[in-house]
Colleague: 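If you scroll down you'll find the structure; I have some questions about it.
The model shown is predicted, which means the values in this text are computed figures rather than measured ones. Computed over heavy atoms, backbone and side chain alike; hydrogens, waters and symmetry mates excluded.
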Amino acid sequence: MNDKLDLGVVVEPFHNPKLELKIVFRSEAVLAVSKDHRFADRKEIDFAALKEEPMLAVSKDYMYYDQVILYCQKAGFTPNIVFHSSQWDILLEMAAENQGVTIIGKPLVEKMYSERLNCIHLKNPEFPWGLGVIYKKGRPLTVPMKCFLALCGEDL
């Protein structure tokens with residue numbers, strides 16, 4: 001907001017009325033569980049079923065943390081968070097070792113951990129996930145900004 005950066009990359013869901021958001025990639029957040037977890041055979045799960053599950057979460061300084069809390073609250077509970085980390089790979093590694101479950105973008109699991117983790121679709125509510133590029137509303141786009149957005153597949 002202080003004009004030190006032209007563009008930023010954020011994880012969706014994201015909303016700030018002062019920033020323009022261009023979605024680059026859209027998927028969903030899923031429940032990532034070990035192949036040995038009691039939910040491992042499920043294809044989908046209600047958020048409410050996670051009420052007692054030990055949850056592995058991103059650090060509180062990430063906006064994504066607030067989104068996970070919000071979605072759990074929409075389902076009527078506060079999550080049982082047993083571990084925080086700023087590193088996605090640590091959360092996935094711990095989930096693969098059956099030390100808890102984590103809610104994370106499906107592509108992160110599929111790309112690196114599909115052999116060790118199962119992705120379970122979340123419902124009631126569903127949890128969209130994506131990557132977006134943000135920039136200050138009303139700010140003219142420079143040529144480099146336009147080039148980067150074009151690389152991301154955004155028509156201007």
Colleague: Counting only heavy atoms not in D61, do more than 12 fall under 6.0 Å of its CG?
Modeller: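 Enclosed: over 12 neighbouring heavy atoms sit under 6.0 Å from CG of D61.
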Colleague: Can you find a heavy atom in the side chain of P107 that is under 4.5 Å from one in the side chain of F25?
Modeller: yes
Colleague: Drop me the distance from Y71's OH to N124's CG, to the nearest 0.5 angstrom.
Modeller: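 If we round to the nearest 0.5 Å, Y71:OH and N124:CG are 12.5 Å apart.
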Colleague: Say you draw a straight line from CZ of R42 to NE2 of H37; how long is it, rounded to the nearest 0.5 Å?
Modeller: 9.5 Å
Colleague: Under 4.5 Å between side-chain heavy atoms, counting indirect links through other Ile/Leu/Val/Met/Phe/Trp/Tyr residues: same cluster for L70 and F14 or not?
Modeller: no
Colleague: Go through the steps for K60 and D66 under the test salt bridge (charged side-chain N to carboxylate O under 4.0 Å, His left out), then give the verdict.
Modeller: CA-CA 7 Å; K60 292 179 182 181; D66 297 328; over 6 Å; no
Colleague: Would you give the length of the straight line joining atom CD of E110 to atom SG of C119, rounded to the nearest 0.5 angstrom?
Modeller: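 So the gap between those two atoms works out to 5.0 Å.
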Colleague: Do N98 and D36 have side-chain N/O donor and acceptor atoms under 3.5 Å apart?
Modeller: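 Not at all, the side chains of N98 and D36 share no donor-acceptor pair under 3.5 Å.
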Colleague: From M94 CE over to Q99 CD, what is the distance, rounded to the nearest 0.5 angstrom?
Modeller: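 Reported to 0.5 Å precision, the distance equals 4.5 Å.
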Colleague: Is there side-chain contact between L122 and L50, with heavy atoms separated by less than 4.5 Å?
Modeller: yes
Colleague: Side-chain heavy atoms under 4.5 angstrom apart, residues restricted to Ile, Leu, Val, Met, Phe, Trp, Tyr: same cluster for Y64 and I90?
Modeller: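 Y64 clusters together with I90.
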Colleague: Mind listing the closest non-hydrogen atom pair of E115 and K35 along with its distance?
Modeller: O-CE, 3.3 Å
Colleague: Verify side-chain contact (heavy atoms from CB on, under 4.5 Å) between V30 and I120, making sure each step is shown before the conclusion.
Modeller: CA-CA 5 Å; V30 294; I120 303 171; 5.8 Å; no
Colleague: Please report the shortest heavy-atom distance between F77 and F47, naming the atom on each side.
Modeller: CE2-O, 3.1 Å
Colleague: Determine, for K136 against E20, whether the closest basic-nitrogen to carboxylate-oxygen distance falls under 4.0 angstrom.
Modeller: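 The answer is no: the pair does not qualify as a salt bridge.
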Colleague: Identify the heavy atoms of L117 and S34 that sit nearest to each other, and give their distance.
Modeller: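 So the minimum-distance heavy-atom pair works out to CD2-N, 3.7 Å.
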Colleague: Considering all heavy atoms of both residues, which atom of Y65 and which atom of V58 are nearest to each other, and what is their separation?
Modeller: CD1-O, 3.2 Å
Colleague: Closest heavy-atom contact between A49 and F39?
Modeller: O-CZ, 3.9 Å
Colleague: Any idea which heavy atoms bring D89 and Y113 closest together, and the distance?
Modeller: O-OH, 3.5 Å
Colleague: Between T102 (side chain only) and L56 (backbone N and O only), is there a donor and an acceptor less than 3.5 Å apart?
Modeller: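 Judged by distance alone, yes, a pair lies under 3.5 Å.
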Colleague: Within a radius of less than 6.0 Å around NZ of K137, do more than 12 heavy atoms belonging to other residues, nucleotides or ligands occur?
Modeller: yes
Colleague: Just verifying a value: how many Å separate F148 CZ and D6 CG, rounded to the nearest 0.5 Å?
Modeller: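 Reported value, rounded in 0.5 Å steps: 11.0 Å.
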Colleague: Give a yes or no on whether V82 and L31 share a hydrophobic cluster (residues Ile, Leu, Val, Met, Phe, Trp, Tyr; joining criterion: side-chain heavy atoms under 4.5 Å apart).
Modeller: yes
Colleague: Kindly say whether Q87 contributes a backbone atom to a donor-acceptor pair with the side chain of S85 at under 3.5 angstrom?
Modeller: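 Pair found, side chain donor or acceptor close to backbone of Q87.
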Colleague: With no hydrogens and no angle check, just 3.5 Å: does a side-chain donor-acceptor pair link Y62 and Q67?
Modeller: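 On atom types as modelled, these side chains do not qualify, holding no pair under 3.5 Å.
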Colleague: In the single-linkage hydrophobic clustering (I, L, V, M, F, W, Y; side-chain heavy atoms under 4.5 Å), do V10 and L19 co-cluster?
Modeller: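 Cluster IDs for V10 and L19 match.
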Colleague: Is it true that E53 and R38 have a side-chain N and a carboxylate O under 4.0 angstrom from each other?
Modeller: yes
Colleague: Quick check for you: to the nearest 0.5 Å, what is the distance between F127 atom CZ and E28 atom CD?
Modeller: 10.5 Å
Colleague: Same cluster or not: L131 versus M145, using hydrophobic residues (I, L, V, M, F, W, Y) connected whenever any side-chain heavy atoms lie under 4.5 Å apart?
Modeller: no
Colleague: Looking at N16 and K18, would you say the former's side chain and the latter's main chain have a donor-acceptor pair under 3.5 Å?
Modeller: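 Between the backbone of K18 and the side chain of N16 there is a qualifying donor-acceptor contact (under 3.5 Å).
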